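Just so it is clear, the model here is predicted, and its values are computed rather than measured. Hydrogens, waters and symmetry mates play no part in the numbers below; they use all other heavy atoms, side chains included. Below, read A as the first sequence line, B as the second, and so on, with proteins coming before strands; counting in each chain starts at 1.
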Amino acid sequence: MSSQKINSLIDLNLTQYSGQTSQSPWRHNSMENIDKFDELIYLKVPSIIDGLDDKTINLNGLPVLLNLSQDKDNINGFEYTYSLPQKVEKQAFSIGQDNLSKKELQSIEREIDSNLNNIYDLEFDLEKFYEFLLEDEKLAPSVDFCKGLRLFIAKDPFECIISSICSANNSIARWTASIDKIKLNWGEKVEFDEGMFYGFPSPKDFLDFYETPIEQSEADGRRYEVDCYTKNLKSCGVGYRAPYMKKASQMLIDEIDMNDVSKMAYDEAFDLILRLPGVGPKVADCILLYGFGFQEAFPSDVWIKRIVSHLYFDGEDISADKTREFGIERFGDYAGYAQLYLFHYARKSGLMDEIKNK
DNA sequence: CATCAGGCCCTCA
DNA sequence: TGAGGGCCTGAT
């Protein structure tokens with residue numbers, strides 16, 4: 001398999017490990033070379049691909065495994081290879097192909113490129129954004145610390161919603177571990193030569209999950225205890241967020257169509273997402289930014305609050321709500337990126353430690 | 001054994 | 001309308 005090239009300014013390592021609240025990290029392909037970003041991601045490309053003889057072939061969401069690699073001293077692009085699981089290749093056999101044709105492979109590659117464009121926000125003009133940053137005295141230093149950092153957009157909005165609910169009042173290590181457990185327990189399994197990979201359960205799947213290891217049930221007029229450990233959300237370490245996740249899933253089935261959200265204006269989408277249980281202003285903005293691509297969102301957690309307070313309000317203690325209003329007002333369509341750059345600039349420059357010790 | 005972690009929910013002025 | 005207490009859980 002020849003490797004494909006993407007030519008865009010991006011630092012994969014920085015982007016991947018900047019702790020953005022959209023998805024748990026991917027899987028290292030090799031730990032041997034630390035000077036190289038070398039990771040595997042499993043995703044599904046859209047279902048229809050162009051086949052031979054002007055026919056289209058429905059592979060119903062073709063699973064592909066991508067191996068992305070980038071030398072850490074070259075952030076002007078990256079390369080990837082991809083592989084398909086044996087199971088799906090057999091589906092191709094069943095529709096009369098003894099292998100995928102060149103045309104079909106090209107179609108798949110186009111879809112992969114399109115997915116990578118979305119996930120890494122590659123259409124975003126970083127150079128233009130840097131001009132914007134340099135005009136702001138406070139933001140200007142961030143350019144040197146964050147060169148090549150891009151938004152890391154979720155593959156799946158629902159996964160992003162659950163991940164974001166999970167991240168509230170939590171540590172990065174814990175919420176990512178919980179999400180990994182959920183995928184391991186209940187995600188669709190797809191086997192590649194490189195190993196087993198897992199999808200994320202659907203909203204409907206979540207309705208079947210229990211909130212505690214033992215639940216009371218009633219039948220024949222009497223109560224008894226049911227061992228539901230195997231479908232127990234709390235066994236994934238999500239704690240009191242388990243009922244939030246279940247109720248949110250129910251609402252996403254009954255009353256909120258995720259397909260509508262991206263068509264809405266930001267304010268309207270914000271109010272809608274805010275109705276989900278376990279979702280406050282900060283989590284709502286994370287969902288809109290990382291799950292739906294609303295770049296005018298300004299997720300305001302305690303750190304952004306402290307940073308904004310320090311840089312723009314002379315250290316005066318301001319509320320998270322006021323921080324959010326400030327970010328949206330001041331940075332406009334760049335709010336999401338400004339938040340990302342502020343956070344990592346503060347972390348890398350030592351500003352965060354300085355504020356913390358106050 | 002406390003404390004705390006990239007908030008949210010609920011209660012009560 | 002907003003301030004403040006309590007909270008699953010696992011790491012330190």
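As rounded to whole Å, 16 Å separates atom P of B/dG7 from atom CG of A/L274. Per the geometry, CE belonging to A/M245 stands 15 Å off P belonging to B/dG7, to the nearest Å. The CD-P distance, from A/E325 to C/dT1, rounds to 14 Å in whole Å. Residue A/R174 contributes atom CZ, which lies 13 Å from atom C1' of B/dG7 at whole-angstrom precision. C/dA11 atom P lies 17 Å from atom CH2 of A/W175, rounded to whole Å. Nucleotide C/dG2 holds its P atom 15 Å from the CG atom of A/D317, rounded to whole Å. Atom pair A/K322:NZ and C/dA3:P shows a separation of 12 Å (rounding to whole Å applied). Note: CZ (A/R241) to C1' (B/dG7) measures 9 Å, nearest angstrom.
Between A/Y17 and A/H28, the ring-plane angle classifies as parallel under the 30° and 60° cut-offs.
Between A/S167 and A/P277, the residue whose closest nucleotide on DNA chain B is further toward the 5' end is A/S167.
For A/F313 and A/F326, the gap between ring centers is short of 6.0 Å. Ring pair A/F37/A/F78: centre-to-centre distance not below 6.0 Å. Between A/F132 and A/Y337, the ring centre distance reaches or exceeds 6.0 Å. Side-chain rings of A/F158 and A/F206 approach one another, their centers coming within less than 6.0 Å.
Note that CG of A/N67 is 4.5 Å distant from OG1 of A/T81, once rounded to the nearest 0.5 Å.
Minimum atom distance to the side chain of A/Y240 is reached by C/dC7, of the listed B/dG6, B/dC8, C/dC7. Taking every side-chain heavy atom of A/K234 into account, C/dT9 is the closest of B/dG6, C/dT9, C/dC7.
For residues 286-309 of chain A, proximity to DNA chain B is found at A/D301, A/V302, A/W303, defined as any non-hydrogen atom under 4.0 angstrom from a strand atom.
Taking the C1' atom of each, B/dG6 and C/dG2 are spaced 22 Å apart, rounded to whole Å.
Contact of A/Y244 with B/dG7 (side chain to base): no donor-acceptor pair of N or O atoms is detected under 3.5 Å.
If you check every strand for non-hydrogen atoms under 4.0 Å, A/S18 touches a base. The residue A/I165 sits apart from the nucleic acid: no heavy atom pair falls under 4.0 Å.
Taking a pair to require two hydrogen-bonding distances under 3.5 Å in either a Watson-Crick or a G-U wobble arrangement, C/dC8 remains unpaired.
Under a hydrophobic-cluster definition in which Ile, Leu, Val, Met, Phe, Trp and Tyr are linked whenever side-chain heavy atoms come within less than 4.5 Å, directly or via other members, A/W186 and A/I253 are assigned to different clusters.
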